[in-house]
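Written below as structure tokens is the structure these notes are about.
Basis for what follows: all heavy atoms, side chains included, without hydrogens, waters or symmetry-related copies. Throughout, protein chains are lettered first and strands after them, A, B, ... in sequence-line order, and every chain is numbered starting at 1.
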2 protein chains.
Amino acid sequence: MPSRRTDPLTLEVVELIGSVVARYHEEYEDAAASHQLTGAQARVLNLLSLEPMPMRRIAQQLKCEPSNITGIVDRLESRGLVERRPDPADRRVKLAAPTQEGLQTADRLRESLDFAREPLAGLSTAERTVLRDLLKRMLG
Amino acid sequence: MPSRRTDPLTLEVVELIGSVVARYHEEYEDAAASHQLTGAQARVLNLLSLEPMPMRRIAQQLKCEPSNITGIVDRLESRGLVERRPDPADRRVKLAAPTQEGLQTADRLRESLDFAREPLAGLSTAERTVLRDLLKRMLG
DNA sequence: TATTGTTATACTCTATAACTATA
DNA sequence: TATAGTTATAGAGTATAACAATA
């Protein structure tokens with residue numbers, strides 16, 4: 001019996017996941033570019049569209065250094081998509097929040113991400129349920 | 001009946017795929033960094049470990065501009081992991097090929113990618129077969 | 001003329017370290 | 001003294017345009 005790490009089935013699944021990852025990234029970058037945004041800018045804008053938050057927390061969510069967020073938010077702010085607000089509770093903190101236009105852009109970004117439709121459209125409800133449960137266990 | 005694009009089940013699957021993508025990337029970058037490579041360098045080295053190829057074809061595979069490959073291969077070459085060879089059939093072409101050390105690094109890189117083991121280890125053979133078939137249909 | 005690889009340029013993202021203003 | 005955000009710096013990836021060698 002081949003080891004679970006190197007058996008053909010596991011390798012095939014790993015390869016397929018790699019393909020899904022590549023396709024997901026491609027589509028995400030394309031969707032961002034269609035709104036004149038980089039991938040990082042789109043991720044930050046999407047994050048803030050769910051909930052305004054301190055600069056530091058954006059860095060934690062994106063798993064990068066806080067100093068990088070300064071520039072990304074600078075560029076979003078200079079385009080009028082995001083603004084910095086003071087935090088009444090702590091004057092050291094700056095809360096980044098999307099503007100009206102930023103929220104609209106975030107919505108359109110989500111819509112143009114047809115990774116939600118295209119690849120899953122061919123699966124029935126039952127199949128998507130199975131896929132959901134398998135992915136949940138993979139990530140568990 | 002909610003549209004297929006916005007129903008809760010589809011959104012949940014899309015969310016899960018996003019998590020898989022994030023985790024895959026994190027582990028890939030970590031594995032690359034553990035060999036003092038960037039993600040892009042690791043992808044090129046892995047590609048060449050399967051088959052030497054012209055600079056231009058590397059760019060096609062990575063879906064980026066050929067001018068970028070020059071620098072990435074420069075850095076791999078300066079570390080002795082890759083070399084440039086002339087193509088006997090066309091003197092314009094340079095074939096990039098891994099060195100012995102490059103092949104060893106590519107092998108160790110693959111081994112340290114425990115994305116193959118960790119998340120799939122919890123699934124039975126039958127479940128991995130189902131997952132494989134669903135992913136194939138998603139990508140088809 | 002067309003193609004291959006390279007160079008030059010400019011922008012973005014990234015980590016590290018030092019700085020400022022608050023706490 | 002510790003923390004939040006910024007600045008300064010350097011390295012890497014990216015696209016664009018122009019170039020030399022070859023086809």
Side-chain angles (χ1 to χ4, degrees), chain A residues 22 25-48 52-79 81-97, chain B residues 22 25-48 52-79 81-97:
Chain A
H25 252 96
E26 213 180 312
E27 294 203 13
Y28 197 94
E29 294 291 322
D30 287 352
S34 75
H35 292 85
Q36 287 77 51
L37 294 170
T38 66
Q41 288 165 10
R43 277 186 288 279
V44 168
L45 182 58
N46 179 61
L47 200 59
L48 297 179
M53 63 181 71
M55 305 292 284
R56 207 146 199 106
R57 192 133 66 86
I58 303 176
Q60 288 163 353
Q61 300 269 355
L62 263 70
K63 294 186 208 296
C64 73
E65 294 301 314
S67 60
N68 300 327
I69 304 302
T70 299
I72 296 173
V73 169
D74 279 351
R75 289 181 273 278
L76 287 171
E77 195 168 31
S78 74
R79 292 198 29 205
L81 301 174
V82 160
E83 62 184 15
R84 277 178 248 236
R85 302 175 187 157
D87 181 340
D90 186 336
R91 284 193 298 168
R92 293 174 302 181
V93 172
K94 290 178 191 169
L95 296 171
Chain B
H25 252 97
E26 214 179 313
E27 293 202 14
Y28 198 93
E29 294 291 321
D30 287 352
S34 75
H35 293 85
Q36 287 78 49
L37 294 170
T38 66
Q41 288 165 12
R43 278 186 286 279
V44 168
L45 183 57
N46 180 61
L47 200 58
L48 297 179
M53 62 181 72
M55 305 293 282
R56 205 145 200 109
R57 192 132 67 85
I58 303 176
Q60 287 162 354
Q61 300 269 355
L62 264 68
K63 295 185 210 290
C64 74
E65 294 301 313
S67 59
N68 300 326
I69 304 302
T70 299
I72 297 173
V73 169
D74 279 352
R75 290 181 272 279
L76 287 170
E77 194 168 33
S78 74
R79 291 195 32 204
L81 301 174
V82 159
E83 63 184 15
R84 276 180 247 234
R85 300 175 187 158
D87 182 339
D90 186 337
R91 283 194 299 168
R92 293 174 302 180
V93 172
K94 290 178 190 169
L95 296 171

Minimum heavy-atom distance between B:A96 and B:L48, given as atom pair plus value = O-CD2, 3.5 Å
Taking CZ from A:R56 and C1' from D:dA2, how many angstroms apart are they, rounded to a whole number?
-> 11 Å
Going by heavy atoms in the side chains, are B:L95 and B:V93 under 4.5 Å from each other?
-> yes
Shortest non-hydrogen contact from A:E83 to A:E77?
-> CA-OE2, 3.7 Å
Side chains of B:D87 and B:K94: does their closest heavy-atom pair fall under 4.5 Å?
-> no
To the nearest 0.5 angstrom, please state how far the CD1 atom of B:I72 sits from the CD1 atom of B:I69.
-> 4.5 Å
For B:R84, report the nucleic acid contact type (base, sugar-phosphate, nothing); a contact means any heavy atom under 4.0 Å.
-> sugar-phosphate
What integer distance in Å separates A:Q60:CD from D:dG5:C1'?
-> 13 Å
Tightest non-hydrogen contact, residues A:R84 and A:T70, listed as NH2-O, 3.8 Å
Nucleotide-level pairing of DNA chain D, given in dot-bracket where Watson-Crick and G-U pairs need both distances under 3.5 Å and | marks other strands | |||||||||||||||||||||||
Assign a letter to each nucleotide of nucleotides 10-19 of chain C from its 5' end: B, base within under 4.0 Å of a protein heavy atom; S, sugar-phosphate only; -, no contact.
-> --SSBBBB--
Quick one: B:I58 CD1 to D:dG13 P, roughly how many Å, whole number?
-> 13 Å
Rounded interatomic separation in angstrom, taking CZ from A:R85 and P from D:dG5 | 15 Å
Atom-to-atom span, CZ of A:R57 to C1' of D:dT3 - whole angstrom | 16 Å
Pairs under 3.5 Å (N/O, protein and nucleotides 20-23 of chain C):
residue: C:dA23; atom: OP1; partner: A:R91; partner atom: N; Å: 3.0

Taking only distance into account, with no hydrogens and no angle test, what donor-acceptor pairs under 3.5 Å do side-chain atoms of residues 29-41 of chain B form with protein atoms, sequence neighbours excluded?
residue: B:S34; atom: OG; partner: B:A31; partner atom: O; Å: 2.7
residue: B:H35; atom: ND1; partner: B:A31; partner atom: O; Å: 3.1
residue: B:T38; atom: OG1; partner: B:Q41; partner atom: N; Å: 3.2
residue: B:Q41; atom: OE1; partner: B:T38; partner atom: N; Å: 3.3

Mind calculating the distance between NZ (B:K94) and P (D:dA23) to the nearest angstrom?
-> 13 Å
Sorted by chain and residue number, the salt bridge (Lys or Arg N to Asp or Glu O under 4.0 Å) partners of B:R92 (sequence neighbours excluded) come out as B:D90
Is there a side-chain contact between B:L47 and B:M53 (heavy atoms, below 4.5 Å)?
-> yes
Euclidean distance, atom CG of residue B:D74 to atom C1' of D:dG13 [Å, nearest integer] = 13 Å
Whole Å only: how far is the CD1 atom of B:I69 from the P atom of D:dT16?
-> 15 Å
Distance-only criterion, 3.5 Å: show the donor-acceptor pairs between side-chain atoms of residues 56-67 of chain A and protein atoms not counting sequence neighbours.
none

